[in-house]
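The block underneath contains the structure these notes are about, expressed in structure tokens.
All values below were derived from every heavy atom in this structure, side-chain atoms included, with hydrogens, water molecules and symmetry-related copies excluded. Bear in mind that the values here come from a model prediction, so they are computed numbers and not experimental data. So that the names make sense, note that chain A is the first sequence line, chain B the second, and so on, each numbered from 1.
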Number of protein chains: 2
Amino acid sequence: MERRPNIADVARLAGVSTATVSRTLSTPERVGAPTRARVLEAVAASGYRANAAARDLRQRRARAITLLAPNLANTFFSSIIAAVQEVADTAGLTVQISDSQVEGMRLAGLGADGRTDGILLLDGQLDPAMVKGWSVPIVMVCEWMPDATLPSVSTDNVAGARLAVDHLLDLGHLRIACLGGPEGNVLSAARAEGWRAALSARGVSPRPQDLIAGDFTMARGVAAAWDWAAQTDRATAVFCTSDESALGFISECDRLGISVPRDVSVVGFDDIEFSDRFIPPLTTVHQPRRQMGLLAAKQLVSALTEARPLDVAAEVLPSRLVVRASTTSPL
Amino acid sequence: MERRPNIADVARLAGVSTATVSRTLSTPERVGAPTRARVLEAVAASGYRANAAARDLRQRRARAITLLAPNLANTFFSSIIAAVQEVADTAGLTVQISDSQVEGMRLAGLGADGRTDGILLLDGQLDPAMVKGWSVPIVMVCEWMPDATLPSVSTDNVAGARLAVDHLLDLGHLRIACLGGPEGNVLSAARAEGWRAALSARGVSPRPQDLIAGDFTMARGVAAAWDWAAQTDRATAVFCTSDESALGFISECDRLGISVPRDVSVVGFDDIEFSDRFIPPLTTVHQPRRQMGLLAAKQLVSALTEARPLDVAAEVLPSRLVVRASTTSPL
DNA sequence: TTGGCGTATGTAATCGATTACACAAGCTGG
DNA sequence: CCAGCTTGTGTAATCGATTACATACGCCAA
């Protein structure tokens, strides 16, 4: 494993100065044609690749943005990631994807160590003090932080939840349970609030037993099926605040001999890829994930390329209900 | 947005040299206690964070490894990623996750730009010349490259496929179709080979129509259901070379009024999270994904920390069949 | 008292690129 | 014919940390 060639090696090989090599690669039009040819030949011959650390150091930027999400396993993030890659690619930026659930020390450095130019933050539950310590522009996506004043792109979670619950009410359901999300999460709160609001708008008051604790995961959806099934006078419909938990719930109902939608209607939230192909296909609230990713990435990238501060605005995109086969009228 | 403090600012604040600041942070035991206290105070007061680009440049390493996968949307990768993060974290390394399907130029630089110390490559279809151009250690995971001599960690795909097909044969199926994977992919080839081998071992010769073109995706699984359903004298069981395509296949069968497993048995490959919770739960070949991630990451990390070259070995872990409810005897 | 050693700290070279500035050659126009 | 401009290239400063080497001090044993 021999040493990587550096710019001086290339310069020597081409018989020019390092400055000329650098210019040939970054601003070719400022170099004479014969020289340029010699340099490019030397580059090819040596297999030279610029050292990013040296360039980042000198230019004080990294040509990279970081996407920071909790739990990359979540299928929900996939199309957002794809959209971000797309935008970054056309701007000549690299996307680094990192898990926001790793050890705190490493995270704190992330926004201040010169390795990234900007952050797309998909986790609303990080320590606000740490986030404030980051010295690069940040755009929040999907989630947001109630206190910190950061630009964000999200969907109208309250309205989405209302759409879902209104749909169930329209079908004639009166006892509608809500399978919640993680404690302290802004999405959990907003969706539960939408559920409550939709009910009270129709004069239905939610019973305490109808709010089932959850955490967005499939495993919790499975467990919730037992909780719900064990209740006397149980709800005839369940609004699950995530698709994953909805699918877990339905699957476990099936094993308990309870049929969806015949015995209980289920609505989800997110519209992940699998929902359309589940049996039964899941009625759910669709979030424009790709659009959110595009918008957030564009805001960040244009702030970076124009060296302009981000305006602290909360973009709220509409969500819509996708009615499939997991819901029907009671009885 | 004021300038980030650098090590000289901290040194000035603490009344010491930059060398002492650096030593305080990396080898505290080599600095006197009173000085150390003053420096740490100055660090805290200024909010100083070391610039990673400068450190990487000087130390000629990045304290980071890169995980390079095609299509991060694929749920298959999640637990591998988690396992890798775990190993890297305990070694004090950062994990960068990148998409191997981005523009070629950027990819070529990845392995030679000093931003990463090693690569876990989950894509076997990259240009071998480019991969050879990378000057950091590489470990392939799941997939492998037939020609390049790179260390790899994978499961026995041929044996796994045989397990699946043997299971169907044991149930009494004689006409067993195979829904293939992407053209040119090593996994596709191995799994199809296992299918063929299992059949011929029992004296069954696969009919041409029984090999259905696929690409591992759910969408293709859906389309394949039509292809298969349109056949006369169709197979009574289908071995799908990926879970995603199996779920798509089953879902579309359901819509076509064909019931799984009553009318057709289906086996998948991968054992992704959803498979256990699908209706019906999917019989599939389980791959030890977490174990593969752990093993590959450990190999890479120990090569890095011991500055030892990787030994070019192909670790092949066993796969096993998980029998669930998507398979049964014909008629 | 002095030579030798260990500890604590400072000085300055170094990593590899980019780029401000200097300079030389060639060209243009008055 | 020369001032002034353009074009092409080289010289050297620079980014911010780490670290080899130098130095200064205190302590102990001979």
Looking at the side chain of A:T18, which of D:dG16, C:dT18, C:dA12 is the nearest nucleotide? C:dT18

Which part of the nucleic acid, if any, lies within contact of B:V21, taking any heavy atom under 4.0 Å across all strands shown: a base, the sugar-phosphate backbone alone, or nothing? nothing

Are A:D56 and B:R115 ion-paired here, with the side-chain N under 4.0 Å from a carboxylate O? yes

Looking at B:Q59, I want to see if its CD is surrounded by more than 12 non-hydrogen atoms of other residues, nucleotides or ligands under 6.0 Å. yes

With a non-hydrogen cut-off below 4.0 angstrom, is A:T20 in contact with a base, only sugar-phosphate, or nothing? sugar-phosphate

Between atom CZ in A:R63 and atom P in C:dA17, what is the gap in whole Å? 13 Å

Heavy-atom closest pair (B:L310 atom, B:Q299 atom, distance to 0.1 Å) is CD2-O, 3.6 Å

Identify the heavy atoms of A:L107 and A:W134 that sit nearest to each other, and give their distance. O-NE1, 3.3 Å

Within residues 35-59 of chain B, which residues have any heavy atom lying less than 4.0 Å from an atom of DNA chain C? B:T35, B:L57, B:R58

B:I7 CD1 to D:dC15 P, in whole Å, measures 15 Å

Whole-Å distance, A:R23 CZ to D:dA12 C1', equals 12 Å

Write down the distance between CG (B:D9) and P (D:dC15), rounded to a whole number of angstrom. 12 Å

Picking from A:T66, A:V139, A:L67, A:L126, what satisfies side chain to side chain contact (heavy atoms under 4.5 Å, CB included) with A:L121? A:L126

Nearest-neighbour nucleotide for the B:R60 side chain, C:dC15, D:dG16, C:dT9 considered: C:dC15

The test is side-chain hydrogen bond (donor to acceptor under 3.5 Å, both in side chains); show your working for A:T24 and A:R36 and say whether it passes. CA-CA 6 Å; A:T24 303; A:R36 195 191 314 159; over 6 Å; no

Just the rounded figure in Å: distance from C1' of C:dT19 to CG of A:L25. 14 Å

Quick check on DNA chain C: between A:R30 and A:N6, whose nearest nucleotide comes earlier from the 5' end? A:N6

Just by modelled atom types, is the A:T18 backbone N or O under 3.5 Å from a matching donor or acceptor in the A:S22 side chain? no

Looking at every strand, decide which applies to A:S22 at a 4.0 Å heavy-atom threshold: base, sugar-phosphate, or nothing. base

